[in-house]
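When a ligand or atom number is given, it counts from 1 through the structure's own listing order.
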Amino acid sequence: MAEHQDRAVQLLTEGILRFQRDVYPARQHEYEYAAQNPQKPHTLLITCADSRIDPEALTQSGPGQIFVTRNIGNMVPPYGEVLGGVSAVIEYAVDALGVQHAVICGHTDCGAMKGMLAQPGALDSMPTVKSWLRNADAAKRAAATVDGGEATLKTVTEQNVILQMQHLRTHPSVAAAIARGALTVSGWVYDIQHGDVRMYEEAEDRFVSVRERAAATPQPVGALA
Ligand SMILES: [Zn+2]
């Protein structure tokens, strides 16, 4: 046990030293700017705790640009049910930091979604996880309806993103910011294997690949010039 712990600390320490040697010098001005100025992230990103998700790499964001909170299954309890960490993060991000956008980001191969689809009793040894997953109960039911019987992993993952977007909008800070046109909300499913994101198009009630949409609508050359 102790050896494994030592190994983990060693990996982390080596990572910090590599960061100091290879990354920090090239981006020193960014870190100095971040340290000397109040943070002003443009986006609140709520995603799963799954260690394969790297939000900053995926969105190519630097220090101070995205305000990230993570939990099992990228969930947002409806306002008033559980006033815990997620609720506090949302209120702070919207009211104090003034983020302009909020993302619910699910992902492929999500263990939480698999847990929801598992046989009854499969999560009995993890009562806290089992209880937390109740925040997505309605997604499982909706997915079963969409799939015409038994919910699939893909559909339950998508329906969970849509459900958590609805829960997010029950938070007073979010509802107020949306009402005054200061905040928009989007729902994503990150495809870890292919490096793509499918974004929820509410008007069409479907998820659309960022890669495919970009390929279909090429940016005009010099658009940013
Ligand atoms: Zn997950």
Side-chain angles (χ1 to χ4, degrees), residues 8 11-12 41 43-61 66-78 81-82 84-90 93 99 101-147 150-171 174 185-201 206-211:
L11 284 169
L12 293 167
T43 292
L44 164 64
L45 193 141
I46 300 166
T47 192
C48 185
D50 192 302
S51 59
R52 297 168 294 179
I53 303 170
D54 186 343
E56 282 79 10
L58 175 65
T59 59
Q60 289 294 288
S61 300
I66 56 173
F67 199 70
V68 179
T69 186
R70 309 176 68 146
N71 61 59
I72 304 280
N74 40 272
M75 294 186 197
V76 177
E81 279 192 17
V82 187
V86 185
S87 310
V89 162
I90 291 167
V99 294
H101 189 66
V103 178
I104 302 287
C105 178
H107 67 103
T108 52
D109 197 43
C110 181
M113 300 300 108
K114 287 180 177 173
M116 286 175 52
L117 296 174
Q119 296 300 315
L123 295 173
D124 284 354
S125 63
M126 291 184 283
T128 314
V129 172
K130 189 176 175 181
S131 164
W132 176 250
L133 293 186
R134 289 202 200 110
N135 287 307
D137 270 351
K140 188 179 172 184
R141 286 199 294 276
T145 305
V146 171
D147 288 334
E150 202 153 322
T152 62
L153 181 59
K154 179 171 186 275
T155 310
V156 80
T157 301
E158 292 180 352
Q159 291 298 319
N160 179 51
V161 167
I162 295 168
L163 177 68
Q164 304 311 328
M165 290 170 75
Q166 292 165 359
H167 289 173
L168 181 62
R169 292 185 178 115
T170 66
H171 289 246
V174 172
V185 173
S186 64
W188 304 0
V189 175
Y190 168 41
D191 181 336
I192 297 172
Q193 182 173 351
H194 300 102
D196 196 14
V197 171
R198 291 184 303 112
M199 292 186 179
Y200 182 54
E201 295 285 349
R206 68 187 184 102
F207 284 78
V208 178
S209 153
V210 167
R211 178 178 284 140

Leaving waters out, which protein N, O or S atoms fall under 2.8 Å from the Zn ion (ligand 1)?
C48 SG, H107 NE2, C110 SG
Name the atoms and distances for all side-chain donor-acceptor pairs under 3.5 Å in residues 187-194, with sequence neighbours left out.
unit_1: W188; atom_1: NE1; unit_2: S186; atom_2: OG; d: 3.0
unit_1: D191; atom_1: OD1; unit_2: Q193; atom_2: N; d: 3.2
unit_1: D191; atom_1: OD1; unit_2: H194; atom_2: N; d: 3.1
unit_1: D191; atom_1: OD1; unit_2: H194; atom_2: ND1; d: 3.3
unit_1: D191; atom_1: OD2; unit_2: H194; atom_2: ND1; d: 2.9

Please list, chain by chain and in numerical order, all residues satisfying side chain to side chain donor-acceptor pair (under 3.5 Å) with T155, sequence neighbours excluded.
D147, T152
V99 side chain near T43 side chain, heavy-atom distance below 4.5 Å:
no
Got a sec, which residues hit side chain to side chain donor-acceptor pair (under 3.5 Å) with Q159, two or more places apart in sequence or on another chain?
none
Is any side-chain heavy atom of D109 less than 4.5 Å from a side-chain heavy atom of K114?
yes
Quick check: do T47 and R70 have side-chain heavy atoms less than 4.5 Å from each other?
yes
